[in-house]
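Notes follow the structure.
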Amino acid sequence: MRNGHWEKNLFELIRRTSVDLPSDVEAGIKRALKKERKDSHAYWVLETILENAAISRRNDTPLCQDTGTLTFYFGVPVGFDTNAIVAHTRAAVAKATRQGYLRQNTIDSVSGASYDTNIGSASPVFVFQQQARKKVEVRLIMKGGGSENVGLQYSLPDFSINANRDLEGVRRCILDAVWRAQGNGCAPGVVGVCVGGDRATGYKQSKELFLRRLPDRSRVKALARLEERIMKDVEKLGIGPMGLGGRTTLLGVKIDALSRLPASFFVTVSYMCWAFRRRGVLLGSEGGVHRWLY
Amino acid sequence: MIRELEYPFALNKIRDLTVGQRVSISGKLFTGRDRLHKYLFDGGKSPVDLKDGAIYHAGPVAIRRDGVWVVKAAGPTTSMREEPYMAKIIEHYRVRVIIGKGGMGEATRNACAKYGCVYLQAVGGAASLLAESIKAVNSVSFLSEFGAAEALWELTVKGFRAVVTIDAAGRSLHKRIERSSRRVLEKVLK
């Protein structure tokens, strides 16, 4: 694979993800603002968030200083050279770091040293999936440490929260996780929930749900109903934006299920902050932009 | 009404603040997070004078352009990670203002009441907006030792926005919300 446009357009994907809040998320925050009292902290926080989104676009600066873990989800055609695109992506990440679209945000876990360009053994993260079509689909999620730290995995039954191996147990896990997070995940965020799988696939799937747009619902009817129920429950908690009180604690909840072993029943909850950095692009066979996603 | 706060932060002005008040900060701020707090807690010497100052829990995105540091993004990080260290640092250095997100625990709340310090919450993630209030980078310490995100940046700010969530009387908005949301949670789970 010649370099062609690959590195340039992958860099542009990173830049856009870092500075440009997706429109569905921004619309969700605007809807939330209307529900809050004008003299409340909730209103002040949401207004500040919207102002920050506008400034980030105008000044071409990161929405949040914690530019997070970069996970690239690739959908590639048969016979595609994944080693080459990994190299191009790493080069684009290094360039985006030098230009201040990404923070020097990658640490050697043994020595404590900070890497200059964010290229480490687990940075960035790559997920490949083969697709039938000729185009290359790239989606990027940037997820900061504050939201990552409030993620939780439950093993049911969990008697401490009275959660059995059913959807009511799943509901208890989600509400417990949201309550524990308070404002620390940078509320109002979105939770991604995976029911089932093993410990690793549970977390992986819970995060892939952040690729979904805010307004959509699970295709599994029972899970779609649970998503709606959770949104109603959460509104009553009163945790509010940044945990300072108010009606808006979450912007959305996404639930999916994976098969599991008879012995295991995991419920995995990942939290994405309001600074929901998600962008995507469809690239042609030479790496030229076919279409921007989201 | 927005209260104006200016460095150095006088004890009587700090004692005058109450939970829920919005503030606008001008003057010097020192950033510090996990590495710096551990270092100071272990008795390491501060390269700057923290007395009557503010520690901002933040790791900015900064780039050097023509020999000058430019901060492109600088929102708060989660403060709770500094809970084991904060009270001792407030006591030892007489820091008057802590800025971060998510609030802090009992030890910090008690230290705020005992020595006269407040905790301010800035809007998490509002990094571009808060960076606009940074007018200059005066200096940076521990850059090579701790890395850019963990270094101690001395900043000059103007109109930096935050809200008081733990005051010097020991009141905590975080504690209040945690308790009230717990009561609702128990009802919802019945």
Side-chain angles (χ1 to χ4, degrees), chain A residues 18-19 41 44-45 48-49 51-53 55-67 98-105 107 112-115 144-146 149 161-162 171-172 175-176 178-179 182-187 233-234 236-245 249 273-275, chain B residues 19-20 22 31 34-35 58-65 70-81 101-103 121-132 143-151 161-163 165 173-174 176-178 180-190:
Chain A
S18 182
V19 310
H41 294 314
W44 173 73
V45 170
T48 304
I49 286 171
E51 201 180 332
N52 183 65
I55 293 172
S56 294
R57 281 191 197 106
R58 189 179 73 220
N59 292 358
D60 196 30
T61 49
L63 278 159
C64 175
Q65 76 292 335
D66 188 350
T67 51
R98 285 192 296 270
Q99 295 199 9
Y101 293 108
L102 300 176
R103 183 169 70 180
Q104 289 180 352
N105 214 26
I107 306 296
S114 173
Y115 297 157
N149 289 349
I161 54 169
N162 206 4
R171 184 178 78 100
R172 287 173 171 268
L175 291 173
D176 183 69
V178 171
W179 180 79
Q182 291 287 312
N184 283 321
C186 282
D233 287 345
V234 156
K236 296 176 196 149
L237 291 180
I239 294 169
M242 293 312 300
L244 301 181
T249 300
C273 57
W274 68 257
Chain B
V19 158
R22 286 184 206 144
T31 73
D34 313 69
R35 297 281 297 269
V61 177
I63 55 167
R64 219 175 154 89
R65 211 175 267 154
V70 180
V71 174
K72 295 184 73 169
T77 191
T78 305
S79 298
M80 206 52 166
R81 293 192 310 268
K101 74 173 170 84
Q121 163 121 356
V123 175
S128 289
L129 179 139
L130 292 167
E132 276 206 331
L143 184 59
S144 57
E145 296 94 320
F146 297 169
E150 298 266 359
R161 297 181 208 177
V163 57
T165 52
L173 181 61
H174 307 283
R176 199 193 299 162
I177 300 281
E178 197 178 305
S180 61
S181 59
R182 180 83 223 172
R183 282 195 297 272
V184 179
L185 180 71
E186 277 160 16
K187 262 188 227 160
V188 170
L189 289 183
K190 250 187 195 151

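Letters go in sequence order (proteins before strands), and every chain restarts at 1.
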Reported [atom1]-to-[atom2] distance for the pair [X] and [Y], which is rounded to 0.5 angstrom:
{"X": "A:Leu237", "Y": "B:Lys187", "atom1": "CG", "atom2": "NZ", "value": "11.5 Å"}
{"X": "B:Leu189", "Y": "A:Ile161", "atom1": "CG", "atom2": "CD1", "value": "8.0 Å"}
{"X": "B:Met80", "Y": "A:Asn184", "atom1": "CE", "atom2": "CG", "value": "7.5 Å"}

Qualifying residue, where the test is side chain to side chain contact (heavy atoms under 4.5 Å, CB included) with B:Ser128 and the options are A:Val19, A:Asn59, A:Ile55:
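Of A:Val19, A:Asn59, A:Ile55, side chain to side chain contact (heavy atoms under 4.5 Å, CB included) with B:Ser128 is met by A:Ile55 alone.
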Under the side chain to side chain contact (heavy atoms under 4.5 Å, CB included) test against A:Leu244, which residue among B:Val123, B:Thr165, B:Ile177 passes?
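Only one of B:Val123, B:Thr165, B:Ile177 forms a side chain to side chain contact (heavy atoms under 4.5 Å, CB included) with A:Leu244, namely B:Thr165.
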Where does [X] contact chain B at under 4.5 Å (heavy atoms): side chain, backbone, both or neither?
{"X": "A:Asp66", "answer": "neither"}
{"X": "A:Arg58", "answer": "side chain"}
{"X": "A:Ser114", "answer": "side chain"}
{"X": "A:Gln182", "answer": "side chain"}
{"X": "A:Asp60", "answer": "backbone"}

Heavy-atom cut-off 4.5 Å, strictly under: side chain, backbone, both or neither for [X] against chain A?
{"X": "B:Ala126", "answer": "both"}
{"X": "B:Ile63", "answer": "side chain"}
{"X": "B:Arg22", "answer": "side chain"}

So do [Y] and [X] actually touch side chain to side chain, heavy atoms under 4.5 Å?
{"X": "A:Asn149", "Y": "B:Arg81", "answer": "yes"}
{"X": "B:Val163", "Y": "A:Met242", "answer": "no"}
{"X": "B:Arg161", "Y": "A:Glu51", "answer": "yes"}

Taking it one step at a time, do B:Lys72 and A:Arg103 satisfy side chain to side chain contact (heavy atoms under 4.5 Å, CB included)?
CA-CA 10 Å; B:Lys72 295 184 73 169; A:Arg103 183 169 70 180; over 6 Å; no
Among the options [options], pick out the one with the most heavy-atom pairs lying under 4.5 Å from chain B.
{"options": "A:Ala53, A:Gly183, A:Gly100, A:Gly146", "result": "A:Gly100"}
{"options": "A:His41, A:Arg98, A:Lys236", "result": "A:His41"}
{"options": "A:Cys186, A:Gly144, A:Cys273, A:Pro62", "result": "A:Pro62"}

Pick whichever of [options] has the most heavy-atom pairs under 4.5 Å with chain A.
{"options": "B:Ser144, B:Gly59, B:Pro76, B:Ala148", "result": "B:Gly59"}
{"options": "B:His174, B:Arg64, B:Glu132", "result": "B:Glu132"}
{"options": "B:Gly20, B:Ala131, B:Ser181, B:Ala73", "result": "B:Ser181"}
{"options": "B:Gly147, B:Gly124, B:Ser79", "result": "B:Gly124"}

Do the side chain of B:Arg35 and the main chain of A:Gly112 share a donor and acceptor less than 3.5 angstrom apart?
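Flag set: sc B:Arg35 to bb A:Gly112 pair under 3.5 Å.
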